[in-house]
Amino acid sequence: MPMEMNRKLHDGMLPLADPLKVEQVCMGIGYTAVVTGDGSIGVAYTYLDAKSGCCMIQDYQDFEGRPARDLLALILNPDPLERSMALALINALNRHRAEQLPEDKQNTLLFDTLAIGAGTKVSMVGYIKPTVGALESMGAQVDVIDEFRQMGDKDRFLHKLATW
C-alpha cells in the first residue's frame, strides 16, 4: 500500500519535475529542504531510523544541478532517508498549486473539502496533537501510527488502511 501511494506521487509529479533542475538539497536532523531551479522550496521531515555513521546514505549522490526527475525517483526507494529528500522535492514541486489555495489557518476549508465529520475514518502517519484534536472534535475516527512515539501497530495500520 505505501509503495502504491509513492508510485502515484511519482507519476503525478513527474510532469512538474521534468523541466526543472535541483538547485540545493539540505538534510538536517529534523527536516530536509530542497530548492528547485524555479526558486520553489519544499520541506519534509527527515526520517532518521538509527544513526550508523557519519554518512547516513549508503550510495550518496549529489543531486544539485541534476534534473529534478532524478531526485523524484527516490520516492520509490526503500530507504526512508532517501524518500525524505524526494518528499521535500514533491513539496517544492507543489508550490504553484498550493499558492492558488486560500489561507486556511483553522483548516476548515480542508476539512470541508474532504468532507470530514462524524464517522469519517482518518489514517495519519505521525502524531500531530493539534490535528488529531481537531479531527476528533469533529467526530472523526483517527488512527495514528508513529514509530518514534511507539504509537500504533504498523501491520494492523496498513491492513486497516487497505480496507478503509
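Computed over heavy atoms, backbone and side chain alike; hydrogens, waters and symmetry mates excluded.
- Between the side chains of E147 and Y47, at least one donor N or O lies within less than 3.5 Å of an accepting N or O.
- Under a cut-off of 6.0 angstrom, the local environment of CZ in R83 is crowded, with over 12 non-hydrogen atoms contributed by other residues, nucleotides or ligands.
- Between D11 and R7, at least one side-chain nitrogen of the basic residue sits less than 4.0 Å from a carboxylate oxygen of the acidic one, meeting the salt-bridge criterion.
- Put simply, the side chain of D104 gets close to the backbone of L110: a donor and an acceptor are under 3.5 Å apart.
- Distance check: E4 CD to L9 CG gives 11.0 Å after rounding to the nearest 0.5 Å.
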Verdict with supporting geometry, R97 and E99, salt bridge (Lys or Arg N to Asp or Glu O under 4.0 Å): CA-CA 5 Å; R97 290 180 185 161; E99 286 178 335; over 6 Å; no

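- In this structure, N6 contributes its side chain and L76 its backbone to no donor-acceptor pair below 3.5 Å.
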side-chain contact (heavy atoms from CB on, under 4.5 Å) between N91 and V43, intermediate numbers included: CA-CA 6 Å; N91 288 332; V43 177; 5.7 Å; no

Verdict with reasoning, I41 to V34, per side-chain contact (heavy atoms from CB on, under 4.5 Å): CA-CA 6 Å; I41 301 172; V34 172; over 6 Å; no

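- Using bins of under 30°, 30° to 60° and over 60° for the plane-to-plane angle, the ring pair Y31/Y45 lands in the perpendicular bin.
- Nearest approach of P15 to P19, heavy atoms of both residues: O-CD, 3.4 Å.
- Neither side chain, S84 nor T32, offers a donor N or O lying under 3.5 Å from an acceptor on the other.
- Once rounded to the nearest 0.5 Å, the distance linking CG of D18 with CE of M13 reads 13.0 Å.
- For the pair L16 and H96, the minimum side-chain heavy-atom distance is 4.5 Å or more.
- Under the 4.5 Å side-chain heavy-atom criterion for grouping Ile, Leu, Val, Met, Phe, Trp and Tyr, V122 is not connected to L109 through any hydrophobic cluster.
- One distance of note links CG of L93 with CZ of R69; it measures 12.0 Å at 0.5 Å rounding.
- In this structure a side-chain-to-backbone donor-acceptor pair under 3.5 Å is missing from S40 to R95.
- A115 approaches T120 most closely through the heavy-atom pair O-OG1, 3.5 Å.
- Salt-bridge check for E64 with R66: failed, with every basic side-chain N at 4.0 Å or more from each acidic carboxylate O.
- V22 places none of its side-chain heavy atoms less than 4.5 Å from the side chain of T36.
- Taking 4.0 Å as the cut-off between side-chain N and carboxylate O, R156 and D153 do not count as a salt-bridged pair.
- Heavy atoms from other residues, nucleotides or ligands lying under 6.0 Å from CD1 of I29 number 12 at most.
- In this structure, CD1 on I75 lies 9.0 Å from CG on L89, to the nearest 0.5 angstrom.
- Under the 3.5 Å distance criterion, the side-chain polar atoms of D146 are left unmatched by any main-chain donor or acceptor of M151.
- Once rounded to the nearest 0.5 Å, the distance linking CG of D70 with CD of Q61 reads 8.0 Å.
- Residue A44 comes nearest to A88 through the heavy atom pair CB-N, 3.5 Å, listed as atom of the first residue, atom of the second, then distance.
- What you find for C26 and Q24 is that their closest heavy atoms are SG-NE2, 3.7 Å.
- Between D143 and K121 there is no side-chain heavy-atom pair separated by less than 4.5 Å.
- Within the model, atoms OG1 of T131 and CE of M124 stand 5.0 Å from one another, a figure rounded to the nearest 0.5 Å.
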